[in-house]
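Below is one structure, written out as structure tokens, with a few remarks after it.
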Amino acid sequence: MPKFYLTTAIDYSNGDPHLGHALEKIGADCIARYRRLRGDDVRFLMGMDEHSQSVIQAAARAGVTPQAWVDRMAVSFADYWRRLECSNDDWIRTTEPRHARAVTALLGRIRARHPDDLFEAEYEGLYCTGCEEFKTGAQIVNGHCIEHPTLDLIPTKERNHFFRLSRYRDAVLDRIRSGAFAVEPEIRRNEVVRLLEAGLQDISISRQRQPWGIPFPDDAQQTVYVWFDALINYLSATGFPDAGYERLWPADLHVIGKGITRFHCVIWPAMLLAAELAPPRAVWAHGYVQWSGAKMSKTAGTAVTLGEAIDHYGPDALRYYLLREVGFANDGDFTWERFDARYESDLANTFGNLVKRSLDMIHSFRGGIVPRDPRTRAAPLEDAARTAVAAYQRAMDGYELEEGAAQWMDLAARANRYIQETVPWELRKAGKETELDAVLAGLARTVARLAVLCQPFIPATADAVWTLFGPPTPLARVRLADLGEPAVEGRPVAKPPILFPKPRLASA
RNA sequence: GGCGGCGUAGCUCAGCUGGUUAGAGCAGCGGAAUCAUAAUCCGCGGGUCGUCGGUUCGAGUCCGACCGCCGCUACCA
């Protein structure tokens, strides 16, 4: 059973999560669930980035200590992710001892293997406390960082520890070009390649007068720069430096936002190479959720809160909408109109209705027992299912979640067409019982398969549908390989509920 | 400033190395059906393929310029 270690970016602890955060976690969770369905031994990590200047400020505003503040934020974030059905196996916070230990160990290892990769030098520049970065050029507009126009840039000059990033340009570039390190989608890879081709400067990796951070080894005056610290979380969670971390490392996939590719695709692999550790195998940089075409960021304020979006139709519907409509590669729009449209046409009318009408017919025509299918006739639905599952797998293997969701939905639509073509109620009237058995059994198999295919996207609904069949195997233990012959024939099936009710009709 | 991407039916988008009447989904209109959440199924899309030129027997599909968005990047007063 191949292992699959995937991670999401860890979030800053300075405000409530919004739809953009949610897209990333849901997408990563979808991938994690899909890999489990494939039979991989999945390890899925999420967590919080808690060492930053903004934490001190936010804590001060709230009148609490930084630790109390990050504790509160961690609970808030984790609660949202639970509501959104994230199936992470671990939850790391950069204030945990296991993380500090790993950061210290990694720096020690770099110093041991490549002593001159770490050196001291003077740095001078304008520092943005929002980004935790020094800013230059077009990143500064009207004297403020373009990402954080409400914050003042701090002129800073200090002696810091540096990492000889420039030395690793060729090594990182080679790995990206050869595919050993996959940066996706392609547009992000091209950007990173061009960045590398342009050359790299060495980077400062420590800060003075920044007590809220991990002490820099052998230098009590300094703490580890928050970005350098944060990236290491992926390694900390493997148990590094204790023996056994190699069971998880290297990460198979880092899921991140497109805004932090430089850190994950350039600096992070270079850090690992300097320590003679394997770089990650892949990074997927998703796009942003926009609000009617405009940027929606935590600093700029959001047009819709995550809580509102979840409460509108429930977690499953939001997951589906974000992954299908907004998408996991490019930027996409969140609008209530599109959300409503997807909910009704896809979830309610196509999938929900298919489940209901199929199983209701099994109740009306066969007393709630899925008939045995003699398989004496051609079965167009079986062919459609085989094709759809193959296309679904191709898409999901490439992290094309929109396409995977589309394949699932297309199969449901095909099954609806099948019902119109075969007209089961006419078969009933005409007394063509054998044919009716074949149709109803085929529909039951298809519904069962659809429940499995949508599990990465809408896990709660998938489980509810799967459970209707009173199956011997819980959905969590079902594998894609079992889809050829779902064990539903001859089994009693429960009365199907209305899966995605329309509030519009209930209130009318 | 450099590099790159996008601009195709009301909406979201497919259209690979140029070649029959430019496609899908949603919405809308008409019809069928009644197992089902008035759900489903069938039929209906004449859109200057951002603009203007060019290459070609032939261009959303290649080249150039321009317009409008957007991304990455640059020690630009």
Side-chain angles (χ1 to χ4, degrees), chain A residues 123-126 134-143 146-147 183 185-201 257-263 265-266 285-288 290 292-295 313 321 324-327 329-335 337-366 400 402-403 405-407 409-410 412-429 436 439-440 443 447 495-508:
Chain A
Y123 192 91
E124 185 168 7
L126 291 170
F134 284 100
K135 293 290 173 178
T136 54
Q139 294 173 309
I140 300 173
V141 171
N142 297 327
I146 49 177
E147 299 271 346
V183 177
E186 190 180 14
I187 181 167
R188 290 342 353 152
R189 175 166 64 249
N190 292 340
E191 284 175 4
V192 172
V193 166
R194 272 181 252 115
L195 176 76
L196 285 164
E197 285 170 346
L200 296 175
Q201 303 214 315
K258 68 181 184 181
I260 53 177
T261 50
R262 192 159 57 99
F263 293 100
C265 303
V266 177
H286 65 259
Y288 292 153
Q290 304 198 313
S292 298
K295 183 174 178 176
Y313 290 123
Y321 173 64
R324 177 68 215 270
E325 177 85 12
V326 175
N330 300 314
D331 291 354
D333 246 8
F334 180 98
T335 69
E337 292 72 24
R338 300 295 302 174
F339 194 3
D340 291 345
R342 278 293 179 191
Y343 180 81
E344 290 206 7
S345 78
D346 288 9
L347 295 176
N349 296 351
T350 301
F351 178 64
N353 189 228
L354 171 72
V355 173
K356 183 92 164 77
R357 67 198 300 214
S358 299
L359 301 193
D360 272 352
M361 282 193 285
I362 290 172
H363 274 273
S364 332
F365 301 155
R366 288 292 181 267
E400 294 170 9
E402 295 164 81
E403 178 61 18
Q407 288 299 332
M409 190 49 64
D410 284 353
R414 178 69 190 87
N416 275 319
R417 257 179 278 131
Y418 179 72
I419 293 176
Q420 299 304 129
E421 290 161 8
T422 55
V423 207
W425 48 95
E426 294 293 345
L427 295 175
R428 174 61 163 183
K429 283 183 202 158
L436 183 55
V439 168
L440 295 179
L443 286 172
V447 167
K495 272 277 194 186
I498 289 178
L499 286 180
F500 293 97
K502 300 173 194 171
R504 166 170 73 78
L505 300 179
S507 62

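It should be emphasised that the depicted structure is a prediction, and the values quoted were computed from it without experimental measurement. Naming: A, B, ... by sequence-line order, numbering from 1 per chain.
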Could you measure between the two [atom1] atoms, the one in [N] and the one in [M], and give it in whole Å?
N	M	atom1	answer
B/A36	B/G47	C1'	36 Å
B/G18	B/C63	P	11 Å
B/U12	B/A27	C1'	11 Å
B/G23	B/G31	P	26 Å

Closest approach to the side chain of A/K502, judged atom by atom: which nucleotide of B/A39, B/U73, B/U34 is it? B/A39

Rounded distance (Å) that lies between atom [atom2] of [N] and atom [atom1] of [X]:
X	N	atom1	atom2	answer
A/E197	B/U73	CD	P	15 Å
A/R357	B/C35	CZ	P	10 Å
A/I498	B/U37	CD1	P	5 Å
A/E186	B/C16	CD	P	14 Å

Donor-acceptor under 3.5 Å (A/Y343 side chain, A/P501 main chain): yes

5'-most contact on RNA chain B (nearest-nucleotide basis), A/G332 vs A/Q420, goes to A/G332

Nearest-nucleotide check on RNA chain B, A/L354 vs A/W425; residue mapping nearer the 5' end is A/W425

Mind checking A/E403 for me? I need base, sugar-phosphate or nothing, with any heavy atom below 4.0 Å counting as a touch. nothing

Does the structure show a Watson-Crick or G-U wobble partner for B/A14, both distances under 3.5 Å? Name it, or say none.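 Its partner: none found.
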
Given that both distances must come in under 3.5 Å, which nucleotide forms a Watson-Crick or G-U wobble pair with B/C69? B/G5

Output one letter per nucleotide in nucleotides 2-11 of chain B: B when a protein non-hydrogen atom lies under 4.0 Å from the base, S when only the sugar-phosphate is that close, - when neither is. -SS------B

In terms of side-chain heavy atoms, does A/D346 have a donor or acceptor partner in A/Y321 at a distance below 3.5 Å?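 The answer is no; no qualifying pair exists.
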
